Structure formats: C-alpha cells, structure tokens
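If you read the sequence from its start, that first residue is 1, and numbering goes on from there. Computed from a prediction, not measured in an experiment: that's the story for all the values here. All heavy atoms count here, side chains included; hydrogens, waters and symmetry mates do not.
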Amino acid sequence: MLIETLLLSLFLVGDPVAPAEGSEEWLELDREIMSLAPRAVSNGNGPHFTGFLTTTYALSDGEIFTGGGKDISGVDIRHVRPIATGDIGKWWYEVSMEGGDGSFELLDAYGVRKVSRHAYLTVGQFKQPLLHSTFLRRQNLLFFDRTVNGEETDDRDIGVMLEAAVGPFDLYGSIQNGVDGKADNLLFTGRVAYDVIGDVFRTHEGARNQAEGMNLGVAFAGASDDGI
C-alpha cells in the first residue's frame, strides 16, 4: 500500500537581540551557510568532540503520572549525546550517539560535500528532511521535546540527500531505505522552503539567532514510502 504524506509548515519569528557593532556582515555570512546546510559547519580537520547532557527533576502526586502508586520525586537523565565532527578531504562528517539508560545507540553518521556554490550532497545515516524540526538540533529547541509531528519524523535512516539554494528558495531531496530497510522499497522525500519576508535562519526554534526585523518563511514537503 502506498502512503503519501503532505505537510505545510509556517513559522514566524520576530526581532532578536541586536548583534555587536561591526558583526552584522559575519552573522549574515554564517546565516547563508547554515540556512542551506546547517550540519556542514566544521572547524577544520578533527575529529572535534562535543555534546550535551539533559536532565530533569520530576515531582508529582497526580494519578495520571503515578498510576496509583507512590508519588514521583526524582531526577531523570533524558539525553546524553556525544558528537564527533571533522573533515576528511573535501567531506565534512558528523557521528553522534544517544544514551541515558546505560547503553548507547548510533544516531547520525553521515558525510557532507559541497558540490557547487549553493548545493550540498549528504551521504550516510541522517534524518528525513521533511519538517522544519528536522534541521533543529535538540539543544536548539525552545523546550525539552519536539512537537508531535517532529518526534514522529525524528528517526534517522541511511540514504543520500541533495540540498540547493535557488534565489529565495531552499530545496531538499532525499532517497532513503525506508521502513523495509535494505529491501527494494525506498523512502522519497522532497521539501521546498521559501522566505516570504526577510531571511529565516533554519537552525534554531523561535526567534533565536535570526536576522533583524520580521522574518516569515513557508515550506511545502512531501514523502512517499512504497514499503508501508
């Protein structure tokens, strides 16, 4: 059975804190690079190691949370995320893992190469480029969790992706294994993002790290997986 998914996303951001005097040109250059390939930013060579740890404290006596048992009061480790990045030749790479319960699983494992002035090729294990949430690192979210749709499409899969900028449009197309893994059915995803007003910087949730003034972006995306 063929399942088609069509999504329309709209995000509106306002005025950020003004940057330091003389830094506007550098910030604008960073935005041009990051809005197209937000993963492909390297400090050269490597590997470079970074990561983050997310913990929460929960306190509740509500039955919906306790299930009729004892009250909840304690600290929970939600995310332990070590990340390695670097360069090998003309490729930039990222490898990340996720833990929190004593074990770790592989998340990102991909390489990115610039194929033209405004286009990047990604090969490896990465997230499906369907929603705006796809391009947001978890530490750049406003809250602990993504939206429901964002969580549903937050899985990684093996494949290839091409990103390109054409005027005010950012274009994304990917082919990944899909739900049947290495079988013959594939997951196809396409996304077109358009800056209606200003210049939307697609690496942070909300108005953080955005261009000055009002910025409005719209996007249309679709996905098809014959294996479902």
Side-chain angles (χ1 to χ4, degrees), residues 3-11 13 34-41 50-56 76-85 93-112 120 122-163 170-182 185-193 200-206 208-209 217-225 227-228:
I3 291 183
E4 297 285 343
T5 305
L6 297 177
L7 299 168
L8 178 66
S9 62
L10 180 70
F11 42 97
V13 298
M34 292 285 284
S35 64
L36 182 59
R39 297 167 305 284
V41 177
T50 184
F52 63 91
L53 170 69
T54 305
T55 64
T56 58
D76 180 38
I77 298 178
R78 296 173 62 96
H79 305 286
V80 179
R81 180 77 58 84
I83 303 171
T85 61
Y93 67 85
E94 175 172 322
V95 178
S96 66
M97 304 182 72
E98 175 78 17
D101 57 357
S103 62
F104 284 85
E105 64 172 329
L106 179 66
L107 293 182
D108 299 296
Y110 58 79
V112 181
Y120 292 84
T122 300
V123 179
Q125 181 166 295
F126 53 88
K127 290 192 289 185
Q128 178 188 15
L130 187 65
L131 300 177
H132 172 60
S133 177
T134 300
F135 304 100
L136 303 179
R137 296 181 181 274
R138 188 168 290 276
Q139 64 268 37
N140 292 338
L141 300 176
L142 289 176
F143 304 101
F144 282 122
D145 297 316
R146 301 179 189 275
T147 62
V148 174
N149 288 336
E151 291 290 351
E152 288 295 323
T153 59
D154 195 40
D155 295 330
R156 277 78 170 173
D157 199 358
I158 298 174
V160 296
M161 175 172 62
L162 182 65
E163 308 168 59
D170 288 341
L171 311 176
Y172 308 85
S174 69
I175 303 174
Q176 295 171 286
N177 283 340
V179 296
D180 62 357
K182 296 180 181 179
N185 294 311
L186 297 172
L187 169 62
F188 297 90
T189 306
R191 175 180 171 85
V192 178
V200 177
F201 193 28
R202 299 179 179 88
T203 58
H204 290 72
E205 194 168 42
R208 291 188 302 158
N209 205 29
V218 296
F220 180 80
S224 174
D225 189 340
I228 299 178

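The line from CD1 of Ile158 to OH of Tyr110 is 14.5 Å long, rounded to the nearest 0.5 Å. The structure places CG of Asn149 at 10.5 Å from OG1 of Thr134, a figure rounded to the nearest 0.5 Å. Expressed to the nearest 0.5 Å, how far CZ of Arg191 lies from OG of Ser174 amounts to 11.5 Å. Remark: Thr189 OG1 to Gln128 CD distance equals 3.5 Å, nearest 0.5 Å. The distance from atom CG of Asp157 to atom CD1 of Ile175, rounded to the nearest 0.5 Å, is 12.0 Å. Expressed to the nearest 0.5 Å, how far CE of Met97 lies from CD of Glu105 amounts to 8.5 Å.
Thr85 and Glu94 form no side-chain donor-acceptor contact under 3.5 Å, judged by distance and modelled atom types alone.
Distance alone, capped at 3.5 Å, places no donor-acceptor pair between the Glu163 side chain and the Gly173 backbone.
Gly159 and Phe126 get closest at one heavy-atom pair: O-CE2, 3.2 Å. Ser96 and Ile83 get closest at one heavy-atom pair: CB-CG1, 3.9 Å.
The one candidate from Lys127, Arg156, Gln125 that meets the side-chain hydrogen bond (donor to acceptor under 3.5 Å, both in side chains) condition with Asp108 is Arg156. With respect to Gln176, the side chain to side chain contact (heavy atoms under 4.5 Å, CB included) criterion is satisfied by exactly one of Leu187, Leu186, Asp225, Asp155: Leu187.
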**Request:** For side-chain contact (heavy atoms from CB on, under 4.5 Å), just list the numbers for Phe104 and Val80, CA-CA rounded to whole Å, side-chain angles, deciding distance to a tenth of an Å, and then say yes or no.
**Result:** CA-CA 9 Å; Phe104 284 85; Val80 179; 4.0 Å; yes
**Prompt:** Taking it one step at a time, do Val95 and Leu107 satisfy side-chain contact (heavy atoms from CB on, under 4.5 Å)?
**Reply:** CA-CA 7 Å; Val95 178; Leu107 293 182; over 6 Å; no
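Residues Tyr120 and Tyr172 keep their aromatic ring centres 6.0 Å or farther apart.
Within the 4.5 Å cutoff, no side-chain heavy atoms of Glu152 are placed close to those of Leu131.
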